[in-house]
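The structure under discussion appears below in the form of structure tokens.
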There are 2 protein chains.
Amino acid sequence: MKSKITLKDIAKELDVSTSTVSKALNDSHEISKETKERIKAYAKYYNYKPNTLALKLRSQKTSVIGVIIPEIVHHFFSTVLRGIEEFANSKGYNVMVCLSNGSLEKEQLSMDLLLEGSVDGILASVTHQTQQKKDYSHIQQLVDDKFPIVLFDNVVDDVRCDTLTINDEGGAFKATEYLIEKGCRRVALLAIPDFVKIGSLRKKGYLKALNKHAIEPDDDLIVVVEPNDNIHQKISTLFEDSNNYPDGIIASNGEIYASTAMQIAKDKGLSIPEDLSIITFTDSLISQYSSPPMTALVQHGFEMGKQAVELLINRIENTTSEVEYQRKVLSTNLKIRKSTR
Amino acid sequence: MKSKITLKDIAKELDVSTSTVSKALNDSHEISKETKERIKAYAKYYNYKPNTLALKLRSQKTSVIGVIIPEIVHHFFSTVLRGIEEFANSKGYNVMVCLSNGSLEKEQLSMDLLLEGSVDGILASVTHQTQQKKDYSHIQQLVDDKFPIVLFDNVVDDVRCDTLTINDEGGAFKATEYLIEKGCRRVALLAIPDFVKIGSLRKKGYLKALNKHAIEPDDDLIVVVEPNDNIHQKISTLFEDSNNYPDGIIASNGEIYASTAMQIAKDKGLSIPEDLSIITFTDSLISQYSSPPMTALVQHGFEMGKQAVELLINRIENTTSEVEYQRKVLSTNLKIRKSTR
DNA sequence: AGTTACTACGAAAATGTTTTCGTAATTTTG
DNA sequence: CAAAATTACGAAAACATTTTCGTAGTAACT
């Protein structure tokens with residue numbers, strides 16, 4: 001790589017001091033108009049660019065935000081990342097991504113790496129494994145050090161820090177109630193294990209809606225899909241008794257499950273939405289392009305990314321005032337398509 | 001944020017010089033065993049972590065790779081990014097992402113930003129707009145400066161630098177030939193505009209296969225979908241004459257187009273794959289979860305990310321030997337599903 | 001005993017900036 | 001005309017580290 005020209009080079013060449021050059025390029029009033037012009041012209045001609053590393057060391061500020069997410073090949077997370085990138089950029093920050101790939105260990109490693117001074121703050125969505133093992137020491141440590149951090153989507157309550165979540169309970173409630181109001185009486189839930197916080201919240205919302213409408217919950221209608229399960233087989237249990245099929249399904253664990261359920265139902269000869277209504281939590285291309293297209297709870301990933309950055313930059317730039325941590329909640333929309341009556 | 005302990009702090013406290021501390025912590029033979037132990041114990045107790053910024057300034061190395069991609073909410077690109085992240089990490093690099101969002105301007109901005117010393121090298125896939133306007137000055141400038149850069153997927157031939165691409169022509173050829181061998185005689189192509197390099201290459205492969213099997217290309221069977229077109233309407237032109245429907249479709253522009261075509265065909269009463277076979281270029285969830293699941297040319301995104309990083313790190317770390325630039329090509333696989341006979 | 005070699009450390013330079021402070025020269029003010 | 005203020009710049013510190021070189025003291029060799 002071609003080596004770059006530095007302040008010192010310019011100073012030597014123009015026979016002034018480096019401080020003069022620095023001030024001139026920063027338009028300081030201390031420098032005479034003529035000298036400024038001379039220096040600026042020279043700098044421009046030789047395409048001088050200040051060394052970012054030196055600036056960062058000097059200012060003790062990296063202008064980089066670290067993002068730790070479980071996956072990237074994932075519609076929701078990539079949408080959030082898009083929001084993060086766009087908003088961070090507009091505020092003069094760059095984005096560094098670390099993927100934990102669902103492993104607590106990699107999550108910890110990434111945090112270590114990032115907080116070794118490479119970033120000014122961290123945005124993280126913790127993995128399921130972290131929630132399962134309840135090991136938050138790596139996060140707690142950051143908070144204790146007053147290192148700026150914002151958790152989003154998959155958050156942990158036990159750590160006192162800024163968080164930003166989807167209204168999971170409200171969304172599940174809304175979806176369930178919608179199906180009930182459309183006449184469904186046997187609404188099934190494809191559930192995420194309870195140890196995952198969003199899983200238990202969605203289940204809570206589902207049960208609340210049943211309760212409000214005086215429908216007795218039926219354990220057979222709640223199918224918890226664990227990480228290593230055979231999805232098809234597990235969901236098929238809902239369709240074992242042909243006299244007792246569900247007439248509605250909330251796929252709290254996403255489109256793949258919704259899509260699989262739809263396929264199974266079709267194979268059983270059911271029509272959608274006439275015999276069975278399906279709502280999926282999370283809305284991406286599958287739900288839009290399946291046949292019929294699926295009614296979905298849309299989570300505003302872009303907005304979530306944007307607001308997460310907003311919270312974080314606030315933390316980073318207002319270190320003086322000890323603001324109490326915030327817990328923001330984003331609402332979801334029910335996007336009606338053709339998989340519901 | 002809690003301020004960190006530095007070498008100088010340790011030195012002062014233990015009444016030695018900073019150089020001694022530095023050497024001790026780096027296990028230099030110059031320091032006596034006792035002194036080393038004293039210093040290490042102190043450093044460990046106070047959780048000393050070297051300041052990354054200082055290290056970077058000193059070594060003139062950021063250990064960061066910049067990635068510029070047009071989109072992130074995109075199965076292929078996010079898969080590539082995943083490969084990049086994983087492999088870069090294993091080599092001690094972090095990844096900074098910049099999204100050009102399809103805009104040449106943002107692409108240029110990102111490059112400026114990154115090359116101002118924030119990263120050791122750049123991995124980029126140029127936007128369609130860049131290809132359309134044929135404005136490669138920002139890339140050429142990097143190459144002229146011998147700044148390490150590798151282009152992948154959407155590359156430009158006019159710039160002499162390392163590139164990594166999918167075998168677009170070969171893939172399209174393979175897909176087209178497969179349909180022909182299965183008995184299709186009117187194979188349509190949903191095409192990307194020619195100014196996009198991968199678009200013209202795929203078309204070339206398509207035509208080559210027709211030619212090999214002595215089938216006269218039919219302009220009516222080639223539908224070029226431009227950025228602002230109504231996709232549904234455009235694809236429908238293939239089904240205007242019921243006596244002359246296509247019996248095969250290659251969706252060179254991806255699954256959304258393939259899926260739309262499939263929907264239109266079904267609406268016209270065609271059965272898939274009996275009346276019409278469809279192959280999509282790019283394989284993600286839509287093709288897997290559509291009904292029927294689609295036969296697809298799978299592009300090995302993860303592998304592409306990995307190899308791109310490999311090329312780049314090679315450039316970064318072997319600055320001495322002036323290696324001629326490399327052009328690598330990755331092959332594609334035809335994943336047979338149910339949308340082809 | 002005199003030279004050489006080795007041990008264990010410190011001073012200082014170097015990475016490239018910005019910023020504080022000092023000051024000579026000039027200009028303004030009373 | 002003396003005092004005060006302003007202008008225009010330079011020296012040096014600071015950010016946190018590594019590394020080169022110098023050296024005092026001791027040990028080893030001839």
Side-chain angles (χ1 to χ4, degrees), chain A residues 1-40 42-43 46-64 92 113 115-120 319, chain B residues 1-40 42-43 46-64 92 113 115-120 319:
Chain A
M1 199 186 121
K2 217 163 73 180
S3 67
K4 287 215 190 152
I5 185 174
T6 70
L7 279 191
K8 211 189 278 184
D9 298 332
I10 301 181
K12 199 185 291 174
E13 203 59 37
L14 297 184
D15 220 28
V16 289
S17 73
T18 59
S19 30
T20 301
V21 178
S22 170
K23 289 171 188 168
L25 294 177
N26 289 316
D27 240 338
S28 161
H29 63 274
E30 288 184 17
I31 308 298
S32 72
K33 206 177 153 198
E34 300 78 45
T35 311
K36 271 192 209 171
E37 278 167 3
R38 229 175 93 232
I39 292 175
K40 281 184 179 175
Y42 188 93
Y46 286 100
N47 193 26
Y48 167 77
K49 292 268 171 60
N51 179 306
T52 315
L53 252 27
L55 289 179
K56 287 178 175 177
L57 175 59
R58 172 69 219 227
S59 64
Q60 291 295 85
K61 189 169 183 340
T62 64
S63 289
V64 175
L113 197 76
L115 99 130
E116 263 174 34
S118 305
V119 300
D120 291 341
T319 44
Chain B
M1 201 184 120
K2 217 163 70 181
S3 68
K4 287 214 191 152
I5 186 174
T6 70
L7 279 190
K8 209 191 280 182
D9 297 332
I10 301 181
K12 200 187 291 174
E13 203 58 38
L14 297 185
D15 222 28
V16 289
S17 73
T18 60
S19 28
T20 302
V21 178
S22 171
K23 289 171 188 168
L25 294 177
N26 289 316
D27 242 336
S28 161
H29 64 274
E30 289 185 15
I31 307 299
S32 73
K33 205 178 155 200
E34 300 77 45
T35 311
K36 269 192 208 170
E37 277 169 4
R38 231 174 93 230
I39 293 176
K40 281 183 178 174
Y42 189 95
Y46 286 100
N47 194 26
Y48 168 76
K49 294 269 170 60
N51 180 306
T52 316
L53 252 28
L55 289 179
K56 288 177 175 177
L57 174 60
R58 172 69 219 236
S59 64
Q60 293 294 85
K61 187 166 183 347
T62 64
S63 290
V64 176
L113 198 76
L115 99 129
E116 264 173 31
S118 306
V119 300
D120 290 341
T319 44

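Atom set for the values below is all heavy atoms of this structure, side chains included, hydrogens, waters and symmetry mates excluded. Throughout, a chain's letter reflects where its sequence line sits, starting with A, and its residues are numbered from 1.
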Residues two or more places apart in sequence or in another chain: which of them pass side-chain contact (heavy atoms from CB on, under 4.5 Å) with [X]?
| X | value |
| --- | --- |
| A/Asn51 | A/Leu53, A/Ala54, B/Leu57, B/Gln60 |
| A/Glu13 | A/Tyr42 |
| B/Lys12 | none |

Run the side-chain hydrogen bond (donor to acceptor under 3.5 Å, both in side chains) test against A/Asp15 and tell me which residues pass, sequence neighbours left out.
none

Among all residues two or more places apart in sequence or in another chain, which pass the side-chain hydrogen bond (donor to acceptor under 3.5 Å, both in side chains) test with B/Ser118?
none

[X] [atom1] to [N] [atom2], straight-line distance once rounded to whole Å:
| X | N | atom1 | atom2 | result |
| --- | --- | --- | --- | --- |
| A/Ile5 | C/dT17 | CD1 | C1' | 15 Å |
| B/Lys4 | D/dT17 | NZ | C1' | 14 Å |
| B/Lys12 | D/dA16 | NZ | P | 12 Å |
| B/Ile39 | C/dA8 | CD1 | P | 13 Å |
| A/Lys61 | D/dA16 | NZ | P | 16 Å |

Which is true for A/Leu55 with a 4.0 Å heavy-atom rule: it touches a base, it touches only sugar-phosphate, or it touches nothing?
sugar-phosphate

Would you mind classifying the nucleic acid contact of B/Lys49 as base, sugar-phosphate or nothing, using non-hydrogen atoms under 4.0 angstrom?
sugar-phosphate

For the backbone of A/Thr18 and the side chain of A/Ser22, can you confirm whether one donor and one acceptor N or O come within less than 3.5 Å of each other?
no

Protein-nucleotides 8-15 of chain D N/O pairs under 3.5 Å:
from	atom 1	to	atom 2	distance (Å)
D/dC9	OP1	A/Thr35	OG1	2.7
D/dC9	OP2	A/Ser32	N	2.8
D/dC9	OP2	A/Ser32	OG	2.9
D/dC9	OP2	A/Thr35	OG1	3.1
D/dC9	N4	A/Glu30	OE1	2.9
D/dG10	OP1	A/Ser17	N	3.4
D/dG10	OP2	A/Ser17	N	3.0
D/dG10	OP2	A/Ser17	OG	3.0
D/dG10	OP2	A/Thr20	OG1	2.1
D/dG10	O6	A/Lys23	NZ	2.5
D/dA11	N7	A/Ser19	OG	3.4
D/dA11	N6	A/Ser19	OG	3.3
D/dA14	N3	A/Arg58	NH1	3.4

